[in-house]
Amino acid sequence: MGASISNLSIYTSLNYIGGVFQQPLSSSFFQVENPASGEVLAQVEMMDPCHHESVVQHAHQAFQEWSQKSASDRSEFLYRLYQKLLDHKDEFATLISSEQGKSVIEAKGEVQYAANFFQWYAEEARRIYGDTIPGPSSKDKIMVLRSPVGVCAAITPWNFPLAMIARKLAPALAAGCSMILKPSELTPLSALALAKVFDSLDAPKGLFQVINGDPQTIGEFFCTHPQIRKITFTGSTEVGKLLMKQSSSTVKNISLELGGNAPFLVFEDADLDAAVEGAMQSKFRNTGQTCVCSNRFLVHDSVLGAFVKKMMKAMDTLRTGSGLDEQHEICPLINHEGLEKVKRLVTQAIDQGAVLHKGGQPLSMRNGYAPTLLTGIKSSMDIFKEEIFGPVVAITTFRQDQEALELANDTHYGLAAYCYTQSLSRSWYMAENLEYGMVGINKGIISDVASPFGGVKQSGLGREGSKYGLDEYVEKKTISIRTL
Ligand code: SIN
C-alpha cells in the first residue's frame, strides 16, 4: 500500500454513495498502481451492480433538492469547491502524479486547471438567462427557460484524473443537475479525493457520487437507465460509439470528448523558434498523452532541416524519470499497453521507411519511452492514422498549402489542429478550412477554461468549458402564453 499517499488528508479508497464513503460490501477489488514503480497504491472495491439502482435514487433525490436552490446558492457552493481544491493543491498534485505518473509540476497545473472550472461556473451559475420572443399575435407571449437536464452520469479518463471531472461536474452543478461519476479504473483516487473535499461542504446527499466497478457494466447501466437523463464521456472514439449506441434506447442527452489525431502545420514563413516552442508544449505535455497532443507534424519541405535541428536541440533538454521528482518532464506512460502501442507504431514506421533521428526505444524506467523524432512519415503508415499517445514527433513534409490541408484533414478525427505561419491570410484560410473543433494559430496550448473544448467528425459531440459548456446541462423549455 502506498504509505505516503494514504497519509494525505484527501485520500480514500472508498466509493462515495449517497453522501457516505461506503465500507466494502463485496469481496471484489481492483488494484491501483503507480505507473513509474508498480507500487500498489490502493485496493478499490468493484461495486456490485445490485447497488447501482440505489445510486440513481440518491442522485434523483439530490437533484430535486439542488435544482430548487437559487442561482446564487449554487454559485457560492462552487466558489467554495474552487477554494477547497486550491487549499489542497499540493496533496492533489501528489495523488495525481502517483496514480497517473505525470510530473508533479504538471499535476499542480492540472489542479489549478480543475479549480478554474469551479470558479468559472460559479460565475456562470448566475447567468443562466432565458429569452422572451414576440408571439404570433399581440396577446401571445413566448418565453424560453433554461432548466437543468436532471441526473447526469459521467465517465472520465485517466490522463487528467481531476480536471476532466471538474470540466463536467462544475457546469452540471451550476445548471442544477446531480452527477454520478465512474472514473477510470487506472486513476480512481483523484476522483475519490475530490469526493472527500466535496463531502466537507454542505451539499444534498447524493448530489455527487463516485462509483467504481466493471466499466462495461456501469457504462451500459448509465446508458439504459431512464432516470439518468444525460451521459457525458471523455475517452476513446471506440467506447464513445458504444455509449452512443447503448444510449439510443433511452434517447439520452449525450456529450462526447473523444480521440484526436492533431496535425501541427509548419509553413515556410513560420517563426521557427515559436513553432518549436509550441511543438514542445503541444507534443510533450503529459508525456504525449493528451487528446490534443500534436500527432502529425506537417512541415514545409524548405524548412524541414532547420525545424528538425531546432527540435532536436529542444528535445535534448527533456529530463526523464518519475513524475514525483520535480525535475522530470518525460515520465512513464500510463501502463504496459500504452508503451507497447508506442513501440509498435515507431517500429512499424521505421520498417516502412521512416528515418529515426532520436530516441526510438523504451527507457530503463518502467513504462518509459524515450523522446523520439522521426522524419519520412507517409500517410499510409499507422503512426499517421492512429493516436500515438506517447513522446514521438512524427514528421511528414509538404510543398503546397493545399497538400498540407489535405494531409491535415485526411483523418476521421477532428479535435485540435495547430498552424504556424506569419501570413494573416494563410492563418484565416487554414483556420476556416481545417476540419477541427479547435485550431491554434501560432500557439501550442489551446486549452483554457474560457475556451470551448470539443471536436468534430469522430472526435465527439458538444463543447466543454467556456460559456458554451453550460448548454450541455440545460434543456430549453418553451412557455407559450396567451393573455386573456
Ligand atoms: C484531453 O486530453 O482530453 C484534455 C486535454 C486538455 O484539456 O487540454
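FYI, side chains are in, hydrogens and waters are out, and symmetry mates aren't considered; it's all heavy atoms of this structure. For clarity, every value in this text was computed on a predicted model and none was experimentally measured.
Using a 4.0 Å cut-off between charged nitrogen and carboxylate oxygen, R344 and E386 count as a salt-bridge pair. Between E326 and K108 a salt bridge is recorded (basic side-chain N to carboxylate O distance below 4.0 Å). Note on E124 versus R74: no salt bridge recorded, every NZ/NE/NH1/NH2 to OD/OE distance being 4.0 Å or above.
Around atom CZ of R366, more than 12 heavy atoms belonging to other residues, nucleotides or ligands sit under 6.0 Å away. Other residues, nucleotides and ligands contribute more than 12 heavy atoms inside 6.0 Å of the NZ atom of K341. Within 6.0 Å of the CE atom in M312, the count of heavy atoms belonging to other residues, nucleotides or ligands exceeds 12.
With Y413 as the aromatic partner, K385 does not meet the cation-pi criteria of under 6.0 angstrom to the ring centre and within 45 degrees of the ring axis. Remark: R463 fails to qualify as a cation-pi partner of Y468 under the 6.0 Å distance and 45° angle criteria applied to the six-membered ring. Relative to the six-membered ring of F453, R167 meets both conditions, a distance below 6.0 Å and an angle of at most 45° to the axis.
A donor-acceptor pair shorter than 3.5 Å cannot be found between the side chains of N286 and N159. A donor atom on one side chain and an acceptor atom on the other are not found under 3.5 Å apart for T224 and S249. Side-chain atoms of E99 and S190 include a donor-acceptor pair closer than 3.5 Å. The closest side-chain donor-acceptor pair between N335 and E337 falls under 3.5 angstrom. Defined by atom type and a distance below 3.5 Å, a donor-acceptor pair is present between the side-chain atoms of D214 and T217. A side-chain donor-acceptor contact under 3.5 Å links T234 and K168. In this structure, a donor-acceptor pair under 3.5 Å is present between the side chains of S255 and K230. Donor-acceptor pairing under 3.5 Å is recorded for the side chains of K241 and Q458.
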For residues 194-205, dump all side-chain donor-acceptor pairs below 3.5 Å to protein atoms at least two apart in sequence or in another chain.
{"unit_1": "K196", "atom_1": "NZ", "unit_2": "S9", "atom_2": "O", "d": "3.1"}
{"unit_1": "K196", "atom_1": "NZ", "unit_2": "Y11", "atom_2": "O", "d": "3.3"}
{"unit_1": "D199", "atom_1": "OD1", "unit_2": "Y16", "atom_2": "OH", "d": "2.8"}
{"unit_1": "S200", "atom_1": "OG", "unit_2": "V197", "atom_2": "O", "d": "2.6"}

_Quick one, E91 with H88, criterion side chain to side chain donor-acceptor pair (under 3.5 Å). Give me CA distance, side-chain angles, the key distance, then yes/no._
CA-CA 5 Å; E91 287 198 311; H88 294 281; 3.2 Å; yes
*Apply side-chain contact (heavy atoms from CB on, under 4.5 Å) to the pair Q23 and E45, showing each step before the final yes or no.*
CA-CA 9 Å; Q23 288 303 326; E45 188 196 2; over 6 Å; no
*What's the verdict on side chain to side chain donor-acceptor pair (under 3.5 Å) for Q119 and Q83, showing C-alpha distance, side-chain angles and the deciding distance?*
CA-CA 8 Å; Q119 183 191 42; Q83 197 51 58; over 6 Å; no
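To the nearest 0.5 Å, atoms OG (S184) and CD1 (I334) are separated by 7.0 Å. To the nearest 0.5 Å, atoms OG (S447) and CZ (F160) are separated by 7.0 Å. Taken from CE in M46 to CG in D48, the straight-line distance is 10.0 Å, to the nearest 0.5 Å. Here CG of L333 is found 10.5 Å from CD of E340. Values are rounded to the nearest 0.5 Å. Rounding to the nearest 0.5 angstrom, the gap separating the CD atom in Q281 from the OG atom in S294 is 10.0 Å. One finds the CG atom of N367 at 11.0 Å from the OG1 atom of T287 (value rounded to the nearest 0.5 Å).
Nearest approach of I330 to P371, heavy atoms of both residues: CG1-CG, 3.9 Å.
Between W120 and Y113, the gap from one ring centroid to the other reaches at least 6.0 Å. A distance below 6.0 Å separates the ring centres of W66 and F77.
Between N261 and the options H412, E387, R296, a side chain to side chain donor-acceptor pair (under 3.5 Å) holds for only R296.
In this structure, the side chain of N253 does not engage the main chain of Y473 through any donor-acceptor pair within 3.5 Å.
Between H60 and F63, the ring planes are tilted. Angles from 30° to 60° get that label. The aromatic rings of Y420 and F264 sit parallel, their planes meeting at an angle under 30°, below the 60° perpendicular limit.
For the pair V56 and I228, the minimum side-chain heavy-atom distance is below 4.5 Å.
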